[in-house]
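Chain identifiers are assigned alphabetically (A, B, ...) following the order of the sequence lines, protein sequences preceding nucleic acid strands; residue numbering begins at 1 within each chain. Hydrogens, waters and symmetry mates are skipped; everything else that's a heavy atom, side chains included, is used.
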Amino acid sequence: MAQISLTFPDGASRDYPKGVTPMEVAASISNSLAKKAISAHVDDAHWDLQWPIEVDAKIALNTLKDEVPALELIRHDLAHIMARAVQEIWPGVKVTIGPVIANGWYYDFDRTEPFTPEDLGAIEKKMKEIINKREPVTTEIWERDRAIAHYQATNEPYKVELIEAIPGDEPLRMYWHGHWQDLCRGPHLQNTGQVPADAFKLMNVAGAYWRGDSNRAMLQRIYAVAFQNKEQLKKHLFMLEEAAKRDHRKLGREMNLFHMQEEAPGQVFWHPNGWSIYTELQDYIRRKQRAGGYQEVNTPQVVDRKLWEQSGHWEKFQESMFIVEVDESRTEDGDNAQNFDERSNDPKHTRINALKPMNCPCHVQIFNQGLKSYRDLPLRMAEFGSCARYEPSGALHGIMRVRGFTQDDGHIFCREDQIEEETAIYIDFLSSIYSDLGFHEFKVKFSDRPEKRAGTDETWDKAEAALLSATRAAGIEPELNPGEGAFYGPKLEFVLTDAIGRDWQCGTHQVDFVLPDRLGADYIGEDGNKHTPVMLHRACLGSFERFIGILIEEHAGKLPFWLAPRQVIVASIVSDADPFVHEIVAALKAKGVRAEADIRNEKINYKVREHSVGKVPVLLAIGQREVEDRTVSVRRLGEKQTKTETLDQIVATLATDAHPPDLRRSADL
RNA sequence: GCUGCUGUAGCUCAGAGGUAGAGCACUCCCUUGGUAAGGGAGAGGUCGAGAGUUCAAUUCUCUCCAGCAGCACCA
């Protein structure tokens, strides 16, 4: 019989008959290893213990202690076990797919009745029964036709469709968990008993479209988490609870930053505290943009459909626009006003406008005023542009995904050969802002040409190369999103992560070959002829709303001092201290510190608790001693220790702390 | 937009076919207290909106609105 040579991680090698399985290899080493083994790595491929090895290879056997393969297999086997449990409880439920995801897995089912939270409990219980049966996991290779016939016979249309979508004619792998059968490429554990029965939890049910296509059936997806042991599961659940405490919607309420209400879904009512963050941030960006060579502009909110038709938004973006009909025959006569509904049906007098969903067309209008020379390029135009988009109701999320928002928008009009340099300048600009705001880690995604696009391949080649080379020059290797670029040009996206790990696109930098041409932008080149500029759409924060949401979650509400809406509370311990409290507040305010007095008839314990919960970074407590010595007792948020300082000292310190990062830097110079 | 769930006092939540309750917050009184909730009293709700069933609906049914989770979307 032919022999093959297998090399172990320690470098030793042994000969085995060709077609030996990792299980047999494990058994040749020791009985206990054969029992503990869960899978192998054969030449770095994750290998089922039952799969034969046909050629010389490196081999490493995995046990439950090997985290990466263990988690992969535990979660994957649990997905099968869950599907089996569901079909045992409710025969006739159709199975689809159930991949492993971060922290666990999900499985999509087709069932008429919705799964209830009680159902999840029943499924979990059944899963534990299955695990405790310790039934073997077995596998076989089937011919395609046999597999299709099997799933037709068992009325599993989704499986049939899956098989039909698998390219080629190669045979397919089947797995059995006990008697329960599923199509699966593997690998799997030896038996169901290798799954820790107390380290998983079914989390929730949600709808999900079959194959991610909103035109197809809506299935029921059960999400679950699983780990190597109970402690890790507990730790994960605890982390989720902690993350929920950072939720910007909850903190926004607790810190009295903003609210939203039914009458204006997806739009923010900023309260004084929240607006303080907003304006502080806006002032900061405004200073940065001025320093970065941008000219700030402002453009109209309500714009005639003619412009949107010209820009292409009317055709491509209409269903996301708020459209406003204005009856121009209206007079100021009160009686007429009551007939608005009737008269607005009269097309003769109705003019159709849209709230701007983007600022770019308006910026081109400004560019188009007066003749532009190549000497004017690159021309960097910025606007804190308030936009309205009719986002699908299901997409709304706190202040992170809204229908009314303000972008720190900017458009750079330049020549094609300036794209790379402008991109480099932008990345540098954005990095400096993110670092000032405490975000040192962010993902960068690069989206290249989509199938349907404007512009020549040559132009795309140049633009893509320019974006990539500028990004790499900044030491960033972007993630590639193939084919995800806009039809008008490639783009870079800068992504930040919220408290529970959801990604949010904030910064963006997009090349646009189309819009300047559509809207008739041009400049006179060195050659004396007219040329169309390239337009770069860019934002750093993205929208103030989303960015502030991220900022709140990132800091769990404990914003950096310069951004904190209430920076200092000066709290009296005895009412005799009230005059000194007012004096301190006045001294701080004179230095630009946001300070407030708290001279309520409450104990200091009460005040400390309340302002700690309210995330005020500094509390100055004033009692009899402080009044006599003209000192303050300083308590910083999160610190138990207090410190006594003189009034002059603390005012000087806090006045410095209150400087935004850019001004602090220039003050140091 | 789709699937499921939810909507009761400012907030967090309980409740039942006969028009409602707790804790915190709020107001007033007592308390002048030294670093995460001192004590007492009081006020506060068209039970998301509309329609239907019923002698009677906040409770049951339907429609709509909004929110939550996920999917789709994010030009």
Side-chain angles (χ1 to χ4, degrees), chain A residues 106 108 110-111 113-117 119 203-223 244 247 249-250 253-254 256 259-266 311-313 315-321 357-358 360 389-398 400-402 447 450 452 484-489 491 493 500 502-505 508 510 512 514-515 537 542-543 546 571-578 599 601-614 619-626 633-644:
Chain A
Y106 68 76
D108 289 346
D110 185 2
R111 175 179 182 232
E113 293 292 301
F115 289 112
T116 65
D119 290 344
M203 301 297 284
N204 54 346
V205 189
Y209 296 109
W210 170 236
R211 314 214 106 189
D213 183 344
S214 59
N215 296 314
R216 309 207 54 183
M218 174 68 71
L219 306 170
Q220 293 189 65
R221 174 173 298 177
I222 300 178
Y223 281 92
D247 190 314
R249 293 165 297 188
K250 182 176 153 72
R253 208 183 302 115
E254 288 173 1
N256 195 11
H259 85 272
M260 304 174 91
Q261 64 187 49
E262 278 194 33
E263 290 80 357
S311 71
H313 289 95
E315 189 202 346
K316 297 229 175 217
F317 202 65
Q318 189 180 145
E319 57 180 40
S320 298
M321 297 206 283
M358 297 176 191
C360 28
R389 297 182 190 175
Y390 191 81
E391 299 284 1
S393 57
L396 302 178
H397 178 85
M400 306 267 232
R401 181 85 181 260
V402 285
S447 303
K452 280 176 72 179
E484 291 294 306
F487 75 95
Y488 51 72
K491 62 184 176 183
E493 291 176 341
I500 55 172
R502 287 188 282 210
D503 281 349
W504 295 94
Q505 182 202 311
T508 179
Q510 311 186 4
D512 188 343
V514 174
L515 196 64
H537 305 251
S543 89
R546 173 174 296 178
S572 57
I573 297 172
V574 293
S575 51
D576 286 348
D578 292 357
I599 55 167
N601 176 16
E602 295 293 351
K603 296 204 170 180
I604 192 66
N605 284 324
Y606 183 92
K607 295 182 184 181
V608 165
R609 181 187 144 77
E610 187 174 287
H611 299 305
S612 298
V613 168
L619 184 107
L620 305 180
I622 310 300
Q624 202 55 51
R625 286 203 299 271
E626 286 75 14
S633 165
V634 186
R635 188 187 211 278
R636 286 181 187 268
L637 183 58
E639 294 177 11
K640 283 252 183 315
Q641 208 65 34
T642 61
K643 201 172 140 197
T644 301

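- Heavy atoms of A:Phe115 sit nowhere under 4.0 angstrom from any nucleic acid atom.
- Rounded to whole Å, atom P of B:rA37 lies 12 Å from atom CD of A:Glu610.
- Evaluation of atom-type donor-acceptor distances gives no pair under 3.5 Å for the side chain of A:Arg546 against the base of B:rC74.
- Counting any heavy atom pair closer than 4.0 Å across all strands shown, A:Ala486 reaches sugar-phosphate atoms only and no base atom.
- In this structure, of B:rA69, B:rG67, B:rG1, it is B:rG1 that holds the atom nearest to the side chain of A:Tyr209.
- At the heavy-atom level, A:Val205 lies nowhere under 4.0 Å from the strands shown.
- Comparing the same atom, C1', in B:rU27 and in B:rG44 gives a spacing of 10 Å after rounding to whole Å.
- Atom pair A:Asp110:CG and B:rG4:P shows a separation of 13 Å (rounding to whole Å applied).
- Looking at heavy-atom distances under 4.0 Å, A:Glu626 makes contact with a base.
- B:rG34 atom C1' lies 12 Å from atom CG of A:Leu619, rounded to whole Å.
- The backbone N or O of A:Glu315 sits nowhere less than 3.5 Å from a side-chain atom of A:Gln318 that would complete a donor-acceptor pair.
- A:His397 comes within contact range of the sugar-phosphate backbone alone, with a heavy-atom separation under 4.0 Å but no base atom that close.
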Writing each nucleotide of RNA chain B 5' to 3' as (, ), [, ], | or . by Watson-Crick or G-U pairing under 3.5 Å yields (((((((..((((....[..)))).(((((.......))))).....(((((..]....))))))))))))....
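- A:Arg546 places a side-chain N or O within donor-acceptor distance of the main-chain N or O of A:Gln505, the cut-off being under 3.5 Å.
- Taking the nucleotide of RNA chain B with the nearest heavy atom to each of A:Gly485 and A:Arg502, the more 5' of the two is matched to A:Arg502.
- In this structure, A:Lys603 places its NZ atom 13 Å from P of B:rA36, rounding to the nearest Å.
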